[in-house]
Engineer: 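I'd like to ask you about the structure that follows.
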Amino acid sequence: MSKKCSKTIKTEKYICSMEVKIEESWKSLLQSEFDKPYFEELISFVKTEYTEQKGAIFPKANQIFRAFDECPVDQVKVVILGQDPYPTKGHAHGLCFSVEKEVKPFPKSLLNIFKEIESDLGQQFPENGSLEHWASQGVLLLNSVLTVREGSAASHSNRGWEQFTDAVITLLSSQKDEVVYLLWGSKAIDKAKNVDPNKNLILTSVHPSPLSAYRGFFGCKHFSKTNDYLIEKGKSKIQW
């Protein structure tokens with residue numbers, strides 16, 4: 001396909017069909033997905049949502065692919081999979097589980113993540129809930145669904161994002177070995193089928209939400225296990 005956008009509204013310069021604005025190494029790896037009919041239909045839906053629901057679709061249009069922009073393919077050491085962006089205004093900024101620095105109190109799932117890090121590594125809680133420093137160290141903070149409508153969790157599910165992020169994991173696994181995949185909750189665990197367990201480390205648990213964290217997320221020690229694996233493979237550990 002070679003079709004270009006005929007309009008110039010702000011949203012479209014970031015998610016125009018066939019001209020997705022995304023970090024170059026990911027653009028090269030994912031171009032075949034951008035060319036598929038399902039992705040064109042997905043982007044048409046997303047553009048309509050941003051146009052008709054002004055200010056009520058998260059994250060901001062220029063942050064939809066931020067997880068990729070912050071963590072180029074050759075830098076990926078860890079993948080954390082979330083579900084969809086926080087549907088609360090001012091929270092989501094394109095990195096799963098992460099929030100803008102000024103957000104207080106922390107969302108409950110993020111709070112439980114920090115509790116597990118404290119228990120696992122003996123680290124104090126951070127001053128803010130932004131996980132940008134994880135991304136800069138090679139942690140791909142990817143949601144299964146990349147957009148959401150305010151106040152309505154999973155409102156952009158089953159529109160094509162899941163197929164796209166399945167492809168992301170499949171293509172990444174085909175390109176890179178010795179990556180740690182942290183899969184929390186059934187939807188994230190389902191993506192393990194796209195990863196070669198013989199060439200990567202896959203760690204799974206229940207989701208860190210208050211409804212399930214006590215059933216196995218607390219005490220999973222995924223953060224120390226991740227660093228042990230990275231060190232074993234001659235890589236630098238993550239400063240969680």
Side-chain angles (χ1 to χ4, degrees), residues 1 14-46 59 63-85 94-98 131 134-135 137-148 154 156-208 222 225-226 229-230 233 235 238:
M1 298 181 185
Y14 296 105
I15 54 174
C16 176
S17 173
M18 314 324 308
E19 296 199 27
V20 173
K21 184 175 175 61
I22 192 172
E23 191 274 333
E24 283 301 316
S25 64
W26 284 109
K27 185 175 183 179
S28 177
L29 184 64
L30 298 172
Q31 188 61 58
S32 61
E33 289 302 305
F34 301 151
D35 291 342
K36 293 180 179 178
Y38 89 87
F39 192 81
E40 184 170 358
E41 292 175 9
L42 166 63
I43 294 308
S44 177
F45 163 74
V46 171
Q63 296 177 331
I64 293 175
F65 299 104
R66 187 179 180 192
F68 304 98
D69 296 336
E70 298 282 346
C71 190
V73 174
D74 65 351
Q75 295 180 22
V76 176
K77 296 191 291 187
V78 181
V79 177
I80 297 179
L81 277 169
Q83 296 181 358
D84 59 347
L95 305 175
C96 75
F97 294 108
S98 181
L131 304 180
W134 292 9
Q137 296 175 77
V139 182
L140 180 66
L141 294 165
L142 181 66
N143 277 312
S144 294
V145 175
L146 301 189
T147 54
V148 71
H156 285 189
S157 296
N158 302 315
R159 292 287 186 166
W161 281 129
E162 295 92 341
Q163 183 175 344
F164 173 70
T165 51
D166 271 352
V168 169
I169 299 302
T170 299
L171 290 166
L172 179 63
S173 182
S174 73
Q175 294 289 313
K176 294 203 62 155
D177 299 334
E178 300 179 351
V179 172
V180 183
Y181 291 83
L182 302 183
L183 308 180
W184 302 330
S186 58
K187 292 183 179 180
I189 291 171
D190 183 60
K191 291 194 187 296
K193 67 181 182 292
N194 302 312
V195 180
D196 186 342
N198 298 311
K199 297 180 179 180
N200 304 276
L201 177 62
I202 303 173
L203 298 175
T204 64
S205 84
V206 296
H207 195 273
H222 281 185
K225 289 176 180 178
T226 293
Y229 179 83
L230 293 175
K233 298 302 180 182
K235 302 178 181 182
I238 303 300

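Worth knowing before you read on, the calculation uses all heavy atoms, side chains too, and leaves out hydrogens, waters and symmetry mates.
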Engineer: Before giving the answer on side-chain contact (heavy atoms from CB on, under 4.5 Å), spell out for Leu95 and Trp134 the whole-Å C-alpha distance, their side-chain angles and the decisive distance to 0.1 Å.
Structural biologist: CA-CA 10 Å; Leu95 305 175; Trp134 292 9; over 6 Å; no

Engineer: Measure the spacing between NZ of Lys233 and CG of Asp177 and express it to the nearest 0.5 Å.
Structural biologist: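 Here the interatomic distance stands at 9.5 Å.
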
Engineer: Can you tell me how far apart CG (Leu172) and CD (Gln175) are? Round to the nearest 0.5 Å.
Structural biologist: 8.0 Å

Engineer: Please report the closest heavy-atom contact between Leu146 and Asn143, naming both atoms and the distance.
Structural biologist: CD2-O, 3.3 Å

Engineer: Test Ile189 against every option in Val206, Leu81, Thr204 by the side chain to side chain contact (heavy atoms under 4.5 Å, CB included) rule and name the one that passes.
Structural biologist: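 Of Val206, Leu81, Thr204, side chain to side chain contact (heavy atoms under 4.5 Å, CB included) with Ile189 is met by Thr204 alone.
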
Engineer: Surrounding NZ of Lys199 (heavy atoms of other residues, nucleotides or ligands, distance under 6.0 Å), is the total greater than 12?
Structural biologist: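 Not buried by this count: 12 neighbours or fewer within 6.0 Å.
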
Engineer: Under 4.5 Å between any side-chain heavy atoms of Thr165 and Ile169, yes or no?
Structural biologist: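 Heavy-atom side-chain distance check fails, nothing below 4.5 Å.
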
Engineer: Would you say Trp26's side chain and Val168's backbone share a donor-acceptor pair under 3.5 angstrom?
Structural biologist: no

Engineer: Side chains of Tyr229 and Glu178: any donor to acceptor distance under 3.5 Å?
Structural biologist: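 Looking only at side-chain atoms, Tyr229 and Glu178 do not form any donor-acceptor pair under 3.5 Å.
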
Engineer: Return the CG to CG distance between Leu171 and Leu29, rounded to the nearest 0.5 Å.
Structural biologist: 5.0 Å

Engineer: Between Cys96 and Ile80, which heavy-atom pair has the shortest distance, and what is it?
Structural biologist: SG-O, 3.4 Å

Engineer: Within the side chain of Ser157, is there an N or O that forms a donor-acceptor pair under 3.5 Å with the backbone of Ala154?
Structural biologist: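 Yes, Ser157 side chain to Ala154 backbone: donor-acceptor pair under 3.5 Å.
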
Engineer: Between Thr170 and Asp166 (side chain of the first, backbone of the second, donor and acceptor by atom type, cut-off under 3.5 Å), is there such a pair?
Structural biologist: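 Answer holds: yes.
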
Engineer: Could you give the distance from CD (Glu162) to CD (Gln83), rounded to the nearest 0.5 Å?
Structural biologist: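 Separation between the atoms: 10.5 Å.
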
Engineer: If we check ring-ring contact (aromatic ring centres under 6.0 Å, His included) with His156, which of these qualifies: Trp161, Phe45, Phe164?
Structural biologist: Phe45

Engineer: Decide yes or no for Val78 and Leu182: does some side-chain heavy atom of the first lie under 4.5 Å from some side-chain heavy atom of the second?
Structural biologist: yes

Engineer: Donor-acceptor check, side chain of Ser144 to backbone of Gly82, threshold 3.5 angstrom: yes or no?
Structural biologist: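 Yes, the answer is positive, given that a donor and an acceptor are paired below the 3.5 Å cut-off.
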
Engineer: State the OG-CD1 distance between Ser173 and Ile202, to the nearest 0.5 angstrom.
Structural biologist: 7.5 Å

Engineer: For the residue pair Phe97 and Trp184, is the inter-centroid distance of their aromatic rings smaller than 6.0 Å?
Structural biologist: yes

Engineer: Has the side chain of Glu40 got a donor or acceptor atom that lies under 3.5 Å from a matching backbone atom of Lys36?
Structural biologist: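 Between the backbone of Lys36 and the side chain of Glu40 there is no qualifying donor-acceptor contact (under 3.5 Å).
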
Engineer: State the OG1-CG distance between Thr226 and Leu203, to the nearest 0.5 angstrom.
Structural biologist: 5.5 Å

Engineer: Centres of the His222 and Tyr181 rings: under 6.0 Å?
Structural biologist: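 Centroid separation for His222 and Tyr181: 6.0 Å or greater.
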
Engineer: List the steps, then state whether side-chain contact (heavy atoms from CB on, under 4.5 Å) holds for Lys27 with Lys21.
Structural biologist: CA-CA 8 Å; Lys27 185 175 183 179; Lys21 184 175 175 61; over 6 Å; no

Engineer: Applying side chain to side chain donor-acceptor pair (under 3.5 Å) as the test, list every pair that has at least one member in residues 69-78; sequence neighbours left out.
Structural biologist: Arg66-Glu70, Lys77-Ser236

Engineer: Taking salt bridge (Lys or Arg N to Asp or Glu O under 4.0 Å) as the definition, give me every residue that meets it alongside Asp190, ordered by chain and number, with sequence neighbours left out.
Structural biologist: Lys193

Engineer: Counting only heavy atoms from other residues, nucleotides and ligands, does the tally under 6.0 Å from NZ of Lys176 exceed 12?
Structural biologist: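 Above 12, so yes.
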
